[in-house]
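Right, one structure below, let's go through it.
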Amino acid sequence: MDVFGSALSSLGGGFAALTWQAAVMIVLGIGLLYLGVVKGFEPLLLLPIGFGVILGNLPLAGMSAHDEGGVLNLLYKAGILTELFPVLLFIGLGAMIDFGPMLANPVVLIFGAAGQFGIFLTLFLALSLGFARQEAASIAIIGAMDGPTAIYVTTKFAPLLLPAISIAAYSYMSLVPIIQPPIMRFMTTKKERSIVMAYGSKKVSQKVKILFPVVAGIITILIAPMGAPLMGMLMLGNFLRESGVVKRLTDVSENALANIVTLLLGLTIGASMLGGNFLQWQTILIFGLGFIAICLDTVTGVLLGKFMCFITRGKINPLIGAAGTSAFPMSSRVVQKEGQKANPRSFLLWHAIGANTGGQIGSVMAAAVMLAVMVGLGIGPLLK
């Protein structure tokens, strides 16, 4: 009877243990679910993260990513701290990407480079605000607009900041359709946005498409070896796609593997966002710096687009520069939409996708350079 009474008395104990910080995080998790379900902002990302936030902040449930021995703690250790989830996700991403538009018009690669400048500018800003070098590098990589890349770098150098940086990276990825258009309109005239670019007529042979991931993988990894896990898996996924002889592996990579890893990654990242650790001024500062990084990426991309428009005497629409980020394919869609608002006869999607896929390569290269610089300065990965 005493045992039964004790069990009854423990019911509802979660309410007594609920702190205001945990309650705020639960509301935040519900907000992420609302954005994903009702507003349609990247539901594949926000739904697992939002539900993970709720589960992780329910007291006495043992569902936090930091509750030793819990199911989400095991997934967090196995997939996040080992960097396995972000690396596996790049196989799926490579299997989804068609580099054809970029190969048909290689000049768009420069937009992929320009779209990473926000990372390095934000690095100096974070250092000036007093963040340690490891932390500053991890915060700056939010500007890659690539969740897996941000997680990969942060896990190596600033694992304590992982919840804030990962949720910032994924949130800003989903908000690209809101963040980029005002900057694009502010920096360009309607005449510039109305420029019609000829649809690419040059066809890329299947042989070139097959050779590209092999050659590009070898060259980029030789240039920046620290990015090998990400670049290698990205090019592996793309090689599976373009080879045409392993359709089952391609299908598994771009569907089952990518979906499962996205689910588990989002859930565990969300479950690591505990109220006591997350609700700090440092977190707000990280979100602010991440926002600056993404805005600067767009600014530098559009500026390059305006320069290219000038030297080609109006043959390149400056909006293309905004697609030089790795937010694939969101940035491409934004460019297409803004171009058609200015001129319904304008179809920029083909060109924008080329710049966008170049940005995917550029973000991995930027992360690899960042890692190499850190190691070169004698700053090794932190112990987890």
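Side chains of V302 and I320 form no contact here, defined as non-hydrogen atoms less than 4.5 Å apart. Counting heavy atoms from C-beta on, the side chains of M233 and L93 never come closer than 4.5 Å. You'll find the side chain of E254 stays beyond 4.5 Å of the side chain of I91, heavy atoms only. A heavy-atom distance below 4.5 Å is not found between the side chains of F85 and L89. Between L129 and L289 the shortest side-chain heavy-atom distance falls below 4.5 Å. Side-chain contact between M235 and V214: absent, with no pair of heavy atoms (C-beta onward) separated by less than 4.5 Å. The shortest distance between side-chain heavy atoms of E68 and K77 falls below 4.5 Å. Looking at L47 and L33, their side chains come closer than 4.5 Å, going by heavy atoms from C-beta outward.
Distance check, rounded to the nearest 0.5 Å: CG of L348 to NE2 of H351 gives 7.0 Å. Rounded to the nearest 0.5 angstrom, I151 CD1 and L230 CG are separated by 10.5 Å. A distance of 3.5 Å separates OG1 of T154 from CD1 of I165, quoted to the nearest 0.5 Å. Atoms CD1 and OG, on I179 and S331 in that order, are 10.0 Å from each other to the nearest 0.5 Å. I142 CD1 to I294 CD1: the interatomic distance, rounded to the nearest 0.5 Å, is 7.5 Å. Annotation: the span from R185 atom CZ to E192 atom CD amounts to 15.0 Å, rounded to 0.5 Å.
A side-chain donor-acceptor contact under 3.5 Å links K306 to the backbone of M187. Proximity of a side-chain donor or acceptor of N317 to a complementary backbone N or O of I195 within less than 3.5 Å is detected. A donor-acceptor pair under 3.5 Å is formed between the side chain of T283 and the backbone N or O of F278. For the pair Q340 (side chain) and K337 (backbone), a donor-acceptor distance under 3.5 Å is absent. Checking side-chain atoms of N255 against main-chain N and O of D251 turns up a donor-acceptor pair under 3.5 Å. Judged by distance alone, with hydrogens and angles left aside, the side-chain atoms of S253 form no donor-acceptor pair with the main-chain N or O of G237 at under 3.5 Å. For the pair Q134 (side chain) and F157 (backbone), a donor-acceptor distance under 3.5 Å is absent. For Q180 (side chain) and V334 (main-chain N/O), no donor-acceptor pair under 3.5 Å exists by modelled atom type. Judged by distance alone, the side chain of D67 and the main-chain N or O of S64 form a donor-acceptor pair under 3.5 Å. No side-chain donor-acceptor contact under 3.5 Å links N238 to the backbone of F99.
Ring geometry, Y76 versus H66: the interplanar angle exceeds 60°, so the pair is classed perpendicular (tilted spans 30 to 60°).
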Using the rule given for side-chain contact (heavy atoms from CB on, under 4.5 Å), can you reason through V71 versus L74, listing the C-alpha separation, both sets of side-chain angles and the distance that settles it, and then say yes or no?
CA-CA 5 Å; V71 61; L74 295 175; 5.6 Å; no
task: Please report the C-alpha distance between L125 and L121 in whole Å, then the side-chain angles of each, then the deciding distance to 0.1 Å, and finally whether the side-chain contact (heavy atoms from CB on, under 4.5 Å) criterion is met.
output: CA-CA 7 Å; L125 182 57; L121 295 173; over 6 Å; no
Practice prompt. Go through V24 and L28 one step at a time and tell me if the side-chain contact (heavy atoms from CB on, under 4.5 Å) criterion holds.
Written response: CA-CA 6 Å; V24 169; L28 174 63; 5.5 Å; no
Practice item. Run the numbers on M197 and K315 for side-chain contact (heavy atoms from CB on, under 4.5 Å), then give the verdict. Key: CA-CA 6 Å; M197 294 179 65; K315 293 182 179 179; over 6 Å; no
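Residue I97 is grouped with residue I219 when hydrophobic side chains (ILVMFWY) are merged at heavy-atom distances under 4.5 angstrom, including chains of intermediate members. Criterion: ILVMFWY side-chain heavy atoms under 4.5 Å apart, direct or through other members. Under it, L160 and I139 are not part of a common hydrophobic cluster. Residues F291 and L127 share a single hydrophobic cluster, defined by chaining ILVMFWY side chains whose heavy atoms lie under 4.5 Å apart. Cluster annotation: L263 is not connected to V87 through the hydrophobic network of ILVMFWY side chains, with a link wherever side-chain heavy atoms come within less than 4.5 Å. Linking ILVMFWY side-chain heavy atoms closer than 4.5 Å, directly or via other members, places L234 and V208 in a single hydrophobic cluster.
A donor atom on one side chain and an acceptor atom on the other are not found under 3.5 Å apart for D297 and Q116. Side chains of S346 and N343: a donor-acceptor N/O pair is absent below 3.5 angstrom, by distance only.
Partners of F120 by ring pair (Phe, Tyr, Trp, His ring centres under 6.0 Å), not counting sequence neighbours: none found.
Nearest heavy-atom pair across S363 and D146 is OG-OD2, 3.6 Å. Nearest heavy atom pair, residue P48 against residue L45, reads CD-O, 3.3 Å. Nearest heavy-atom pair across R345 and F347 is O-CD1, 3.4 Å. Across all non-hydrogen atoms, the minimal contact from S332 to N356 is OG-OD1, 2.7 Å. Minimum interatomic distance between L84 and A78 (heavy atoms only, all atoms of both residues): CB-O, 3.8 Å. The two residues M273 and P163 have their closest heavy-atom pair at CG-CB, 3.7 Å.
The neighbour count for F287 CZ, taken as heavy atoms of other residues, nucleotides or ligands under 6.0 Å away, is above 12. Within a 6.0 Å sphere centred on CZ of F117, other residues, nucleotides and ligands contribute 12 heavy atoms or fewer. Residue K39 places its NZ atom among 12 or fewer non-hydrogen atoms of other residues, nucleotides or ligands, all under 6.0 Å distant.
The existence of a salt bridge linking E338 and R193 is excluded, since no basic side-chain nitrogen approaches an acidic carboxylate oxygen closer than 4.0 Å. Comment: K207 does not engage E242 in a salt bridge, judged by the lack of any side-chain N to carboxylate O separation of less than 4.0 angstrom.
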